[in-house]
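Residues take their numbers from the sequence shown, with the count starting at 1.
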Amino acid sequence: MASSTLRLSSSSCSRQINAVIHVPRLPEVIPYFSIPKIPTTKPVEELNLRDGFKRIVPVEKISTAPIHDKSPNSDATAATTQLYAILEAVADRVEMHANIGEQRENWNTLLLNSVNMITLTAATMAGAAAIGGAGMPLLALKLSSTLLYSAATGMLLVMNKIQPSQLAEEQRNATRLFKQIQTQIQTMLALGSPSKEDVKSVMEKVLAVDKAYPLPLLGAMLDKFPAKFEPSVWWPSNQRLQKKNKSSQGKQRDEKKNGWSEEMEVEMREIIEVVKRKDIEDYERLGNLVLKINKVLAISGPLLTGIAAAGSAFVGNGSWTAVVAVAAGALGSAVNALEHGGQVGMVFEMYKNCAGFFQLLQESIESTLEERDLEKRENGELFEMNVALKLGRSLSQLRELARKSASSRIDGTTIDEFASKLF
């Protein structure tokens, strides 16, 4: 039985009611049940503690996506990260090639001035010895002239071997090409959603430029006097272009699709013919001519200074020895000034680069036309505009050139203009 007591007390100022309720205790009828404690550690923390890890990974930083996520977004993110890494390497190459190009341009100027000053000084000493030298003064002048001529000959041999002006032009071309790749990467990143194929393509371009324009001189330097003129190749050989599906080769494509039409394809083929028959052929002719001139100058300079060194050693034994020493030295100085002051090696490299530019344009057009699936091609109107810009022409001028090429082939005549108006 439950019982309760109510106590009331009053005073003159206020009245207070105090109530006390006595509730009987219930018997412990469930002694074997207990409420489990809620864990205070998070699952990842508990896992870390259980496995013995000291570092606790916050739960909020763990992605709920699977570890091996192959979604397009993850592929694009990985490709973007890789492109940023390549972009950083390309920027470093741009700076590196620019610095080395400037250094090698300084080589050309300093070596040219030094060799010419040495040669002219040696010729002056040989002439002074022939005028009135005798005894020890004659020996001193002869010895000094011979040593200076010998030093000039050795320096010319090294200088003609490495061709500093051509080395500088190689580095300028490499800097320009790496800047192009840098711009292409920045465009890919700006457009967004790059793919693994984009990363692979950029990597191949970077390695191709590295191979075309090496930095070291020993072991990797390009041959400055090849047996035959060959255009520079700084782009990767794309084997995939030879494996395109040609099953739709016989299909009629009268209507325009992806900017392409039969007329545009004919126009591009005519442009290729003009590039091959005029531009590439002309640069090959000029390149072979400059190569022959450079070979003659590279041999003549050291040969003349060597003859002058031999002649100066015999000054005083006859009138002709002084003439040979002075005249050969003067001619050697003139040849050296023509070769390196005129930068014949740089002109040769420039012709190689121009011929390579037209060869790349030809391969680009041919590989695009080999792709029979029009949707996989670059947009036709954009492609035509790029070709026109590379040749320094407007779209109307490019189409007019294609018409002239077609009519000249029909008439059996040779077109009287080059494809490029830039160079």
Looking only at atom types and distance, does a side-chain atom of [X] sit under 3.5 Å from a main-chain N or O of [Y], one as donor and one as acceptor?
{"X": "S144", "Y": "A140", "answer": "yes"}
{"X": "N258", "Y": "W260", "answer": "no"}
{"X": "N288", "Y": "E284", "answer": "yes"}
{"X": "R104", "Y": "L167", "answer": "no"}
{"X": "S300", "Y": "V296", "answer": "yes"}
{"X": "S367", "Y": "S364", "answer": "yes"}
{"X": "N113", "Y": "T109", "answer": "yes"}
{"X": "K224", "Y": "L222", "answer": "yes"}
{"X": "Q397", "Y": "S394", "answer": "yes"}
{"X": "Q163", "Y": "N160", "answer": "yes"}

Between [X] and [Y], does any side-chain N to carboxylate O distance fall below 4.0 Å?
{"X": "D210", "Y": "R93", "result": "yes"}
{"X": "R393", "Y": "E417", "result": "yes"}
{"X": "R399", "Y": "E384", "result": "yes"}
{"X": "R285", "Y": "E281", "result": "no"}

Please report, to 0.1 Å, the donor-acceptor pairs under 3.5 Å made by any side chain of residues 341-354, with sequence neighbours excluded.
{"unit_1": "Q343", "atom_1": "NE2", "unit_2": "E105", "atom_2": "OE2", "d": "3.3"}
{"unit_1": "E349", "atom_1": "OE1", "unit_2": "Q166", "atom_2": "NE2", "d": "3.3"}
{"unit_1": "N353", "atom_1": "OD1", "unit_2": "R176", "atom_2": "NH2", "d": "3.3"}

Using atom types as modelled, flag every donor-acceptor pair under 3.5 Å from a side chain in residues 324-331 to any protein atom, sequence neighbours excluded.
none

Where at least one partner belongs to residues 177-226, residue pairs that pass ring pair (Phe, Tyr, Trp, His ring centres under 6.0 Å), sequence neighbours excluded: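 Only H97-F178 qualify under ring pair (Phe, Tyr, Trp, His ring centres under 6.0 Å).
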